[in-house]
Amino acid sequence: MSTATMSASSASAWSGKSLVDNTYTERPGQIVLNNNLGALHSVAGLNANQSLGDVFDVMNRGTAPLVIAAEDTAAAAHNRFVSAINIPAGGKARIFYNGTRWEPFSDGANLITKVVAFVENATNTIHTGTVPIPPGAILHGIQVLNPVLWTGGAAVMKVGDTADDDGYFIGVDLKATDLLVGEVMDTNHSTLWGGKEGAYLVAASGRRGAVSGNLGKYYAAGSNITGIITVTTPATTVGRTFMIVQYSLGGEAAAAVPTGP
């Protein structure tokens, strides 16, 4: 396997900026980025003697998502990417050299799980948890569980995204029968919606998400998954709720080839 050596020598590649995190020791097969750029033109600095089957983990230690842009085939082989690759803040992507260009590679390692903890307190009436979903991600599912029931004033939760903040779940009572200890609401299974499904969940049609901008589980444009708990009269510090969001990143497969008449 080739060793990752990063360089800012190519203005077209790094726009004159080195994105290596020099505070982190890289291992063979590993590239570590630490920056807040919204997009990259391409990734250079992979040494040019890569071979078919080489795999690198590209890690983003910055505080903003990165997009490795697709590079045209006129570029040097170590600068070519089949399609854009999204790397969330604090996440990683795996790239694979197919003999001509680099492409996203998934062996299950690209599944990202984020857990948001909601803690009842005696002060706040609104509790908001947010999980950014980068463009091109596949949303595998959202789960909500209530390890400890809330005990103050009425506590009601909704779960959605930027376009519709109660698109997935709406009006979930965290004090009573809607979500008891041990129960889990899961967007993937219509039997686990508890009658609290929002407009994004329709059992009869199989709908599982938005129909504009982001299409079902495919978050083409990206968004934020949000959980919002509203408490009428904060009084105690007992309740605990968790929202679990799972998504994965990867490039698009090659286009289908028409073969019929």
Side-chain angles (χ1 to χ4, degrees), residues 88-92 108-134 137-211 214 216-219 222-249:
K92 74 174 181 178
N110 287 335
L111 181 65
I112 298 166
T113 301
K114 299 290 186 179
V115 181
V116 179
F118 297 85
V119 179
E120 184 177 20
N121 62 39
T123 303
N124 299 104
T125 58
I126 304 293
H127 301 256
T128 302
T130 303
V131 176
I133 303 295
I138 302 297
L139 180 65
H140 289 270
I142 303 169
Q143 296 178 325
V144 181
L145 58 149
N146 220 21
V148 184
L149 297 181
W150 293 51
T151 60
V156 179
M157 184 177 193
K158 58 184 176 181
V159 178
D161 60 16
T162 302
D164 186 348
D165 64 8
D166 58 12
Y168 289 109
F169 294 114
I170 183 172
V172 181
D173 188 341
L174 300 179
K175 295 180 61 177
T177 58
D178 288 347
L179 192 59
L180 298 179
V181 174
E183 295 178 347
V184 179
M185 287 186 170
D186 190 332
T187 58
N188 287 322
H189 306 285
S190 60
T191 57
L192 298 179
W193 295 345
K196 296 299 178 178
E197 61 270 20
Y200 284 176
L201 302 178
V202 182
S205 65
R207 181 176 173 181
R208 296 292 190 277
V211 294
N214 297 308
K217 289 176 172 284
Y218 178 48
Y219 270 71
S223 190
N224 290 315
I225 301 299
T226 58
I228 301 172
I229 298 174
T230 301
V231 182
T232 56
T233 307
T236 65
T237 59
V238 176
R240 299 290 186 274
T241 300
F242 292 100
M243 180 178 72
I244 303 168
V245 179
Q246 290 188 308
Y247 66 92
S248 63
L249 295 161

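All residue numbers refer to positions in the sequence shown, counting from 1.
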Ignoring hydrogens and angles, tell me if any N or O in the side chain of [X] forms a donor-acceptor pair with the backbone of [Y] under 3.5 Å.
| X | Y | value |
| --- | --- | --- |
| W193 | D186 | yes |
| E197 | S190 | no |
| T162 | N224 | yes |

Worksheet item: Going through the distances and angles, do I225 and Y168 end up as a side-chain contact (heavy atoms from CB on, under 4.5 Å)?
Response: CA-CA 10 Å; I225 301 299; Y168 289 109; 4.2 Å; yes
Minimum heavy-atom separation for [X] and [Y], please, with both atom names.
| X | Y | answer |
| --- | --- | --- |
| K217 | N188 | NZ-OD1, 2.5 Å |
| K175 | W150 | CG-O, 3.1 Å |
| D161 | Y219 | OD2-OH, 2.9 Å |
| Y200 | A163 | OH-CB, 3.8 Å |
| K114 | I112 | CE-CG2, 3.8 Å |
| V181 | P147 | CG2-O, 3.3 Å |

Inter-residue atom distance [X].[atom1] - [Y].[atom2], 0.5 Å rounding:
| X | Y | atom1 | atom2 | value |
| --- | --- | --- | --- | --- |
| L180 | L174 | CG | CG | 11.0 Å |
| I142 | R208 | CD1 | CZ | 12.0 Å |
| L139 | Y247 | CG | OH | 10.0 Å |
| I170 | D164 | CD1 | CG | 8.0 Å |
| E120 | T237 | CD | OG1 | 7.0 Å |
| M157 | D178 | CE | CG | 12.5 Å |

Would you call [X] and [Y] a side-chain contact if the rule is heavy atoms closer than 4.5 Å?
| X | Y | answer |
| --- | --- | --- |
| V116 | V131 | yes |
| T123 | P234 | no |
| H127 | I228 | no |

Fill in: Trace of the side-chain contact (heavy atoms from CB on, under 4.5 Å) decision for N124 with V231
CA-CA 8 Å; N124 299 104; V231 182; over 6 Å; no
Worksheet item: Between V245 and I133, does a side-chain contact (heavy atoms from CB on, under 4.5 Å) hold up when you go through it step by step?
Response: CA-CA 9 Å; V245 179; I133 303 295; 4.0 Å; yes
Discussion item. Checking I244 against L145 for the side-chain contact (heavy atoms from CB on, under 4.5 Å) test, could you report, in this order, the C-alpha distance in whole Å, the side-chain angles of both residues, the deciding distance, and whether it holds?
Written reply: CA-CA 8 Å; I244 303 168; L145 58 149; 3.6 Å; yes
Discussion item. Given T241, which partner from the list L149, V144, V148 fulfils the side-chain contact (heavy atoms from CB on, under 4.5 Å) test?
Written reply: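 Looking at L149, V144, V148, the match for T241 under the side-chain contact (heavy atoms from CB on, under 4.5 Å) is V144.
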